[in-house]
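Report on one structure; see the data block that follows.
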Amino acid sequence: MTLLTQTDRDRLIAQLQRVETAAAAFTKPELAAACAAADQWVEDNQAGYNAALPAAFRTKATTAQKAILLGYVLWRRIGRLVAEEDRG
Amino acid sequence: MATGTILLPIGAAIPPDGSTNNAAAAILRVKSSAAAPSLHFLQANFDATTKEFLYWSFRMPSDYASGPTLKVQYKMASATSGNVVIEGRLAAITPTDATDGDAKALGSANTTGANAVAGTAGYVKEISLALTNDDSLAAGDWATVMLARAPADANDTASGDMEVIAVSLEYVTA
């Protein structure tokens, strides 16, 4: 994976603001700076994340699948991922 | 002389067609979270990134003299800090003008400076914008008012949608 382009980041934060309605104390410039920092953090730490994955998964999963897994873990941790089983 | 008021209800707004540089603010019906019977109202959501527009078209009252001023009441969907900037334009045609109404362009922009949003999302504030560039507006004109948020303005820093709930055009009467 490579760093997002500026267009990618701009569209990311535009869509985030449309979807997320929780009270936001940060401004648009602060959000943009945070997006860039988060993207850079992913760039700087993707090797470490990859190394942390069990060898079996690491060797069989694609880069996209590893990213999806991390996304799912984060989404579940903040209560945003609802599985079919959660619906009883 | 007195102050005249033209109410510009959200429900009477004309959204543009969504073509390039003609994005429309979304008009939504909102239900209060208070117990039933619950307050319902319309609001126009102006995006934080894409410039969106709404229009109102009417006959300018006969008692109009000068000083058109937009009064815009709004609340923020999520922002609790930062500022918003709005833009207002007029298009005016006098019935005797040699002007094709189907080709009429808007007058020059009128823009506010930074307007600080409320410290709590959902709290209502009001912005006053003098339409100094008034396209030579006169009593009896076919008048069209354009309202937009200016999200690309460096002073427009508040995140999330600007939810406009009530708009009026005030003026000085003859």
Side-chain angles (χ1 to χ4, degrees), chain A residues 1-46 49 63-64 67-84 86-88, chain B residues 15 18 20-21 23-33 43-52 74-86 112-125 148-165:
Chain A
M1 290 191 294
T2 60
L3 277 170
L4 296 174
T5 65
Q6 190 57 53
T7 297
D8 286 332
R9 292 178 180 177
D10 291 344
R11 293 186 180 183
L12 182 161
I13 63 176
Q15 190 61 20
L16 184 152
Q17 291 177 83
R18 294 182 189 117
V19 173
E20 301 300 324
T21 56
F26 47 81
T27 63
K28 287 192 289 186
E30 291 165 351
L31 175 60
C35 176
D39 188 31
Q40 188 62 55
W41 182 87
V42 170
E43 182 73 7
D44 295 342
N45 289 279
Q46 58 181 333
Y49 168 61
T63 300
I68 289 168
L69 173 64
L70 180 59
Y72 269 59
V73 169
L74 291 172
W75 226 236
R76 184 72 180 184
R77 290 183 72 163
I78 62 172
R80 294 285 288 271
L81 174 62
V82 179
E84 290 184 16
D86 296 326
R87 298 191 178 100
Chain B
T20 302
N21 296 325
I27 296 177
L28 304 176
R29 180 182 61 192
V30 177
K31 175 184 175 183
S32 167
S33 60
Q43 72 183 28
N45 292 353
F46 287 83
D47 197 74
T49 307
T50 301
K51 192 171 187 180
E52 296 172 333
Y74 73 100
K75 52 187 174 70
M76 298 304 292
S78 57
T80 61
S81 70
N83 309 297
V84 290
V85 175
I86 64 169
T112 66
N115 294 278
V117 303
T120 302
Y123 281 28
V124 176
K125 293 200 76 173
R149 179 181 179 182
D153 191 295
N155 288 316
D156 189 291
T157 59
S159 63
D161 281 356
M162 175 186 182
E163 300 170 339
V164 174
I165 51 180

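First the proteins, then the strands, lettered A, B, ... as listed; each starts at 1. Side-chain atoms are counted along with the backbone in the values below, which use heavy atoms only and exclude waters and symmetry mates.
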Other residues, nucleotides and ligands only: do more than 12 of their heavy atoms fall within 6.0 Å of [atom1] on [X]?
X	atom1	result
B:Tyr123	OH	no
A:Arg76	CZ	yes
A:Asp86	CG	yes

Closest non-hydrogen atom pair, [X] against [Y]:
X	Y	result
B:Pro151	A:Lys28	O-NZ, 3.0 Å
A:Ala25	B:Thr80	CA-OG1, 3.0 Å
A:Ala22	B:Ser78	O-CB, 3.1 Å

ask   = When you look at B:Asn45 and A:Arg18, which way does the side chain to side chain contact (heavy atoms under 4.5 Å, CB included) test go after all the steps?
value = CA-CA 10 Å; B:Asn45 292 353; A:Arg18 294 182 189 117; over 6 Å; no
Quiz item: Between B:Gly82, B:Gly160, B:Ser159, which has the largest tally of heavy atom pairs under 4.5 Å with chain A?
Solution: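 Of B:Gly82, B:Gly160, B:Ser159, B:Ser159 has the most heavy-atom pairs under 4.5 Å with chain A.
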Applying a strict 4.5 Å limit to non-hydrogen atoms, the region of B:Ala77 in contact with chain A is backbone
Tell me, side chain or backbone of B:Ala158 under 4.5 Å from chain A's heavy atoms, or both, or neither?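 The backbone, not the side chain.
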* Asked: In Å and rounded to the nearest 0.5 Å, what is the OG1 to CG distance from B:Thr157 to A:Leu31?
  ->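 The CG atom of A:Leu31 is 12.0 Å from OG1 of B:Thr157, to the nearest 0.5 Å.
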